[in-house]
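Below: the structure, in structure tokens.
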Amino acid sequence: MNVTSIVSKAFLARQKALRHHIQEGERLQQQVLEYLISRGRATEYGRNHLFNTVTGYESFVRNVPLNSYEQLKGDIDRMRHGERDVLWPGQVKWFAKSSGTTNDKSKFIPVTADGLRDIHYAGGRDSVALYLKEHPKSRLFDGKALILGGSHAPNYNVADSLVGDLSAILVENINPLVNLVRVPKKPTALLSDFEVKRDRIARETWQKNVTNLSGVPSWMMSVLTRVLEISGKSCIDKVWPNLEVFFHGGVAFTPYRQQYRDIIHNPDMHYMETYNASEGFFGIQSDPDDPALLLMLDYGVFYEFIPMDEFSETELQHCPDHLHTVPLWGVETGKNYAIVISTSCGLWRYVIGDTICFTQKNPYKFVITGRTKHFINAFGEELIVDNAEKGLEYACEQTNAEVLEYTAAPIYMDNHARCRHQWLIEFSREPQDIKQFAELLDQKLQEINSDYEAKRYKSITLQHLEIVTARHDLFNDWLKNKGKLGGQHKIPRLSNSRDIIEEMIEMNSTVNDEG
């Protein structure tokens, strides 16, 4: 009997419990809300918002306002200085530096002991449970798990308190038994210099029996490329013949799918998407044939949703009471929502900035559609990341191209009074005809987004999109200049502002000019 067949028995009870997600979603979420309120009553925030009078969802909404990070920042900073019982009972010692931040101001998300256990580690456990359920012949635990992590640093002068990437906090607090089946070594996993870390991870792991990978697709690809360089092998299958699954999250997998196929030739290789962030672990791909994710309902997370056609960043900051929210049992399929969470990490009615669309209910499944801030709506076109991913996938399929990284922003008006979207794309395999690629992308965007199609009508409001080809490693160099290379940092795909794309185009031009 192999090791996995023995260990997998430990997941049977949880696999059975997950069946409650099918018909009992509302009950599970009501229980989570009751738990959070009961714990929150012992906090300053709970006393200020009369948690002792909260008896259900309606009174919870009346008493507690919607919050952006700015509204909780003061309380979080007090917690970082060691104050107790502010947003969650006790002292919080770990703070995740939020990924995806595009300016110099970082967000620090509290990570409590309860949150580690009931949210983050629960997500990792359930990812394995659902994978083993779908693949009963797995040999997952007969080898090593290559898990990528970030780095952390001391938090102010508070004893034993850390701030850094969530992945580093997870590695730091992980059950010692897990270290028996994971690589690389802990000191390597927590290195802050990603280029040094990448090389060491490759050297420590290429001769191990790695059966599974976990991490962000972009950074994992960088590590696997280094593994091939060091090993001298032509594909990862020849390095790790027993590799069977990649648990990935952090960024959309679509731009990377073909790149992984190019270096992992095993037709039985599995890819399982997870939706985990600094703020919590929210979804898992439970069916390999369905890209939608199962919303995890019995963790320490209570969900609410704001219809995106009613969402406004200005109102969130200044008039949050004007924004209408619905609980899980009030959502509709096919509608775009901003996510609001209350968690056992002390985030109360917190708008995390991600948007999703439910594909079904009972069980509740969804796809990630983008960010509340990462979209282009300069001319009423309402282009979201999900549109961009589908458009690029189509253009790549038709031209045999591969996109490595991209970002896009509007040109509001050029010297000829023309308005358009400008795409900066780094290809791992360039199309033979970039104009054809741009045409196909534009056509697909019109097909899947009626607002974009309307604005493109006869090029009256919005002219044909423009593609600027980025040099090799431009995106990594930009991240490196910002001190964000590695970990879970990533560049916003879409933006109404030209700040980021202008910086990157200038870097692109400078190197090209020097060349």
Side-chain angles (χ1 to χ4, degrees), residues 36 39-49 51 64-121 149-174 186 189-192 250 276-281 299-302 316-317 320 340-354 373 482-484 486-490:
L36 295 175
R39 296 297 307 277
R41 289 187 181 116
T43 67
E44 178 185 304
Y45 192 88
R47 290 189 292 273
N48 289 344
H49 293 88
F51 277 20
V64 183
L66 289 170
N67 290 299
S68 65
Y69 182 78
E70 287 69 26
Q71 278 126 357
L72 295 178
K73 182 179 178 181
D75 287 336
I76 291 174
D77 199 56
R78 289 166 53 205
M79 294 162 69
R80 288 188 63 200
H81 280 88
E83 288 193 42
R84 303 172 60 89
D85 305 326
V86 180
L87 294 174
W88 193 253
Q91 183 181 2
V92 179
K93 294 189 174 183
W94 308 299
F95 296 86
K97 195 173 183 179
S98 179
S99 63
T101 306
T102 59
N103 52 34
D104 294 330
K105 295 180 180 179
S106 296
K107 297 178 182 179
F108 298 93
I109 305 300
V111 181
T112 67
D114 292 318
L116 276 177
R117 181 189 66 243
D118 299 336
I119 303 174
H120 295 291
Y121 289 140
S151 61
H152 59 59
N155 171 51
Y156 291 140
N157 295 317
V158 180
D160 302 319
S161 185
L162 298 173
V163 62
D165 294 319
L166 172 69
S167 53
I169 295 172
L170 296 176
V171 168
E172 188 65 50
N173 290 280
I174 204 166
K186 187 174 177 180
L190 296 176
L191 282 171
S192 58
N276 55 325
S278 300
E279 297 88 352
F281 199 117
Y299 296 178
V301 181
F302 180 76
L316 175 61
Q317 297 298 332
V340 182
I341 58 171
S342 298
T343 78
S344 54
C345 286
L347 299 176
W348 297 103
R349 303 199 75 208
Y350 180 76
V351 181
I352 66 175
D354 289 343
K373 293 183 179 179
K482 297 291 183 180
K484 295 180 178 182
Q488 291 184 317
H489 298 297
K490 46 192 178 287

Problem - Test salt bridge (Lys or Arg N to Asp or Glu O under 4.0 Å) applied to Glu70 - qualifying residues, sequence neighbours left out - result: none
With rounding to the nearest 0.5 Å, note down the distance linking [atom1] in [X] to [atom2] in [Y].
| X | Y | atom1 | atom2 | value |
| --- | --- | --- | --- | --- |
| Ile352 | Leu347 | CD1 | CG | 9.5 Å |
| Phe51 | Thr43 | CZ | OG1 | 6.0 Å |
| Leu72 | Lys107 | CG | NZ | 10.5 Å |
| Leu87 | Arg78 | CG | CZ | 8.0 Å |
| Met79 | Cys345 | CE | SG | 8.5 Å |

Quick check: does any side chain N or O of [X] sit under 3.5 Å from a backbone N or O of [Y], one acting as donor and the other as acceptor?
| X | Y | value |
| --- | --- | --- |
| Ser342 | Arg349 | yes |
| Gln317 | Ser68 | no |
| Thr112 | Ser344 | yes |
| Asp85 | Gly90 | yes |

Please list, chain by chain and in numerical order, all residues satisfying side chain to side chain contact (heavy atoms under 4.5 Å, CB included) with [X], sequence neighbours excluded.
| X | result |
| --- | --- |
| Pro320 | Leu66 |
| Arg47 | Glu44 |
| Asp77 | Arg80, His81, Tyr156 |
| Pro65 | Tyr45, His49, Asn67 |

Using the side-chain hydrogen bond (donor to acceptor under 3.5 Å, both in side chains) criterion, which residues pair with [X]? Sequence neighbours excluded.
| X | value |
| --- | --- |
| Trp88 | Asp114 |
| Ser161 | Asn155 |
| Tyr299 | Asp126 |

What are the two closest heavy atoms between [X] and [Y], and how far apart are they?
| X | Y | value |
| --- | --- | --- |
| Asn173 | Tyr121 | C-OH, 3.1 Å |
| Ser167 | Gly150 | OG-N, 2.7 Å |
| Leu36 | Thr343 | CD2-C, 3.6 Å |
| Leu170 | His120 | CD2-CB, 3.7 Å |
| Val163 | Phe108 | CG2-CD2, 3.1 Å |
| Gly164 | Ile169 | O-CD1, 4.2 Å |

Exercise for the section: Could you go through the side-chain contact (heavy atoms from CB on, under 4.5 Å) check for Val171 and Lys186 one step at a time? Expected result: CA-CA 7 Å; Val171 168; Lys186 187 174 177 180; 4.1 Å; yes
Find out whether [X] and [Y] are in side-chain contact, i.e. whether some heavy atom of one side chain is under 4.5 Å from a heavy atom of the other.
| X | Y | answer |
| --- | --- | --- |
| Asp354 | Glu279 | no |
| Ser151 | Leu191 | no |
| Ile109 | Tyr350 | yes |

Problem - Partners meeting ring-ring contact (aromatic ring centres under 6.0 Å, His included) with Phe302 (sequence neighbours left out) - result: Tyr57
Exercise for the section: Not counting sequence neighbours, which residues clear ring-ring contact (aromatic ring centres under 6.0 Å, His included) with Tyr69? List them please. Expected result: none
